[in-house]
Amino acid sequence: YDMQLGLDLTAHLGISFDWSYVETGMHGSDGVKLGELTLTTAVPAIRARFPQANDRLTPWVSGGFGFAWLVANDRTPAGRMRVSADRRKHMTSAVSFAGGVDWFVRPNVALGATARYSRADREVLLADGAIDPDGPTTTGVGAFLSWGVLVRYYIPETAPGGLFRGVDWGSDDPDRLQPYFTGAVGVRRYLHRDVTPDAFLWSREDGEQASAVVLGLGFDRLWGVEISAVFHEANLWSGTRDDPGSKLVEIGAWVIAPQVHRRFDTGWSWLSPFVSAGVGIGLAETNDPAPANRTDPRAGYRTDDIGLAGSAGGGLDVKVGTNLMLLLDVRYVHHRSRIQRPDETLELDLSSLQFMAGARVYFR
């Protein structure tokens, strides 16, 4: 994940605050996975822009020095990891460099691609079995190279120099086609936590993260269609909610569905309630099995399942710019799957209530 909040001082030079989050698996010299490492950086940066093609196409680079948070987690029986002499977490300094290219589809909206190199000032200790401070270890540098796609929105609603024309993807007429992109993050609550009498879905915080991306097309001010993708990760634990044991395995879950989107007039141009619903597919797969999932004869849970799923919900759009809305969304996501262990196949109900906040950008 990557987020930039910045200010372009001129058409070629700007400043920004860059936040990034990366997670990767760590493996020993024999290829066996030892665990996972996450790096979160928060870096003030300087950004240089190089507008081309009448300012529609803009390559850019940025770099800065700030803080990093390294966390070693999901460690396996094959090894242990630490990021300091006695801890699995550590805050330290970091450098971060990024570059990419923006293509302006409207004067204040750009789509693009980006790559980032982040390096923390800390080596990661890796070892087979329990770490002995005086025993042999290997070290891996807390450095990551990541890449992805981005949506950039300029406030105020004129890009630097006011020269960008963009690509005409519709009309400013509210009754014409209006393509849009929505991104949101939040938390979800499971409606059915018990999987078996001795295993259940749980997190220590009693609520876990969820994220969603939506591509939509508005037919007019009120009606539209969308493709929605919602992702969350479940933790399966041994024991019961009253007497939890240990984490067994993680379950990654996707719900991808076409949806109908309906907005409602309120008399205020800046506020629009909405509802949306659709039916599609749900995907579930297990990952990062904990030691107990391998050693407990009652465990051994695994799944790689595809089935029907869907969602229905609604919320509020708050207009903060000509083509930008902030939103709140409450949604029921229906997702049932199957999970196996050595002696049986079980029903796995991943249905949940999700509470999200995000932004909707219109390309018009």
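Atoms considered below: every heavy atom in the structure, side chains included; atoms not considered: hydrogens, waters and symmetry mates. Numbers here are sequence positions counted from 1.
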Chemist: Should we count CG of L271 as having more than 12 external heavy atoms under 6.0 Å?
Modeler: yes

Chemist: Measuring from D194:CG to D349:CG, what's the distance to the nearest 0.5 Å?
Modeler: 11.0 Å

Chemist: Using the rule that two of Ile, Leu, Val, Met, Phe, Trp, Tyr join whenever any of their side-chain heavy atoms come within less than 4.5 Å, decide whether I227 and V260 are in one cluster.
Modeler: no

Chemist: Would you name the heavy atoms of V101 and W60 that are closest together and state the gap between them?
Modeler: N-NE1, 3.6 Å

Chemist: Transitively linked via ILVMFWY side-chain contacts under 4.5 Å: F274 with Y180?
Modeler: no

Chemist: For the residue pair R331 and G314, what are the closest heavy atoms and their distance?
Modeler: NH2-N, 4.1 Å

Chemist: Step by step, work out the salt bridge (charged side-chain N to carboxylate O under 4.0 Å, His left out) result for D265 and R221.
Modeler: CA-CA 9 Å; D265 283 330; R221 293 182 300 107; 3.2 Å; yes

Chemist: Flag the pair F200 / W237 as yes when their ring centroid distance falls below 6.0 Å, and as no otherwise.
Modeler: no

Chemist: Between F17 and P44, what is the shortest heavy-atom contact and its length?
Modeler: CD1-N, 4.3 Å

Chemist: Tell me whether the count of non-hydrogen atoms from other residues, nucleotides or ligands lying under 6.0 Å of CZ in F50 goes above 12.
Modeler: yes

Chemist: Is a side-chain N or O of T303 found less than 3.5 angstrom from the main chain of R338, in a donor-acceptor match?
Modeler: yes

Chemist: May I ask you to test the L5-M3 pair for a side-chain heavy-atom distance under 4.5 Å?
Modeler: no

Chemist: Which one of S118, S20, S62 satisfies the side chain to side chain donor-acceptor pair (under 3.5 Å) criterion with S96?
Modeler: S118

Chemist: Near F67 CZ, under 6.0 Å, is it more than 12 heavy atoms from other residues, nucleotides or ligands?
Modeler: no

Chemist: Should the ring pair Y21 and W19 be called parallel, tilted or perpendicular, given that the plane angle runs from 0 to 90° and is split at 30 and 60?
Modeler: parallel

Chemist: Give me the atom names and distance for the closest heavy-atom approach of T41 to A94.
Modeler: CG2-CB, 4.3 Å

Chemist: Would you please classify the geometry between the W254 ring and the F231 ring as parallel, tilted or perpendicular, with 30° and 60° separating the classes?
Modeler: tilted

Chemist: Could you tell me whether the side chains of S272 and R263 share a donor-acceptor contact shorter than 3.5 Å?
Modeler: yes

Chemist: For H335 and S351, which heavy atoms make the closest approach, and how far apart are they?
Modeler: N-OG, 3.1 Å

